[in-house]
Amino acid sequence: MGSEGKPMLPVLDFTIEDLKPGTNSWLSTCTSVRQAFEENGYFVAVYDKASIELQNGVFGSMKELFDLPTETKRRNIFEGMPLKGYVGQHPKIPLHESMGIDPGTTLEGIQSFAEKLWPHGNDQFWLLAHKALEQNEPQLGFVAHTDKSFTTILHQNHVNALMVETTNGNWIDVDFSSPTSFVVMAGDALMAWSNDRIKSPNHMVMMNGNETRYSLGLFAFYRGILKVPEELIDEEHPLQYKPFDHLALLNFTYSANMKAYCGV
Ligand SMILES: O=C(O)CCC(=O)C(=O)O
Ligand SMILES: [Fe+2]
């Protein structure tokens, strides 16, 4: 792990210009994003438009949320939505707790979530949370896996713990402790849609230290059937996947991979 010195993390800077679709800078950024996905399956995005006040507010609310009694947190039940529900006290990953809000990008979705947890109101809470608890020795926070999303965007407080497996099989620590760093990662659906040109990276959370880590994840899912575009199929890249229902992938056995789900 990192024996040849500090491993290089692919970093893309989104702070330089206001990226308007169709402009030259937007087009060249699209190319960089595609290359980073094709080469690594993930990258660290540097983005400075989320103020420190906003971030302090979000992480403060996440502490408040996870400090609630377990019975209260369990009021956020799964109800068949892809990532909805509370997960915690799982014997295999005792440090892990997460709270899924679905839909998490609409005001109604977040309001209905907040009303369940704070029937008397809480106008501060607004986004999803994902947390690992304190410990003294390196300990698994979340098992190695690939995401079933199309893409995942992660943000965290100052506590690093995310590890990603590189294409040559080394595990590297991902430093995204800066308030302007976000991890963007390909999920299994992007891997299948891209006809294996992009690989969804294996990753896990390894806690080390005694500080609580709060992380936020935005998991993008497509409601409908995804199909490999014709232009991504050629002699070098014969078709690898049949059209597939993205949401139904979530009901497929968790350990199964994309090839088993919809491989040609
Ligand atoms: O907490 C993190 O940074 C990553 C969590 C994760 O991999 C997941 O929820 O799928
Ligand atoms: Fe993940």
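In listed order, ligands and their atoms are each counted from 1.
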Do any N or O atoms from the side chain of [X] and from the backbone of [Y] form a donor-acceptor pair under 3.5 angstrom?
{"X": "Gln240", "Y": "Pro238", "result": "yes"}
{"X": "Asn195", "Y": "Arg197", "result": "no"}
{"X": "His96", "Y": "Pro94", "result": "no"}

| query | Step by step, would you call Phe37 with Phe43 a ring-ring contact (aromatic ring centres under 6.0 Å, His included)? | reply | CA-CA 7 Å; Phe37 268 143; Phe43 57 89; 5.5 Å; yes
| field | Element-labelled atoms of ligand 1 that are located less than 4.0 Å from some non-hydrogen atom of His203 | value | 7 (O)
| message | Within the 4.0 Å heavy-atom shell around Phe219, which atoms of ligand 1 are there? | response | 8 (C), 9 (O), 10 (O)
| said: Show me the pairs that pass side-chain hydrogen bond (donor to acceptor under 3.5 Å, both in side chains) and involve residues 149-159, at least two apart or across chains. | reply: Gln55-His155, Asp147-Thr152, Ser149-Thr152, Gln156-Asn160, Gln156-Arg213, His158-Glu211
| query | Taking only residues two or more places apart in sequence, or in another chain, which ones meet Thr72 in a side-chain hydrogen bond (donor to acceptor under 3.5 Å, both in side chains)? | reply | none
| request: Check the Fe ion (ligand 2) and write out every protein N, O or S atom at under 2.8 Å, as residue and atom. | output: His145 NE2, Asp147 OD1, His203 NE2
| query | Which is closest to atom 3 (O) of ligand 1 in terms of heavy atoms, Met185, Lys148, Gln156, Arg213? | reply | Arg213
| field | Charged tip of Lys148 within 45° of Phe219 ring normal and under 6.0 Å | value | no
| remark: Logged contact type for Thr152 with ligand 1, heavy-atom cut-off 4.0 Å, is neither
| said: According to ring-ring contact (aromatic ring centres under 6.0 Å, His included), who are the partners of Tyr47, at least two apart in sequence or on a separate chain? | reply: none
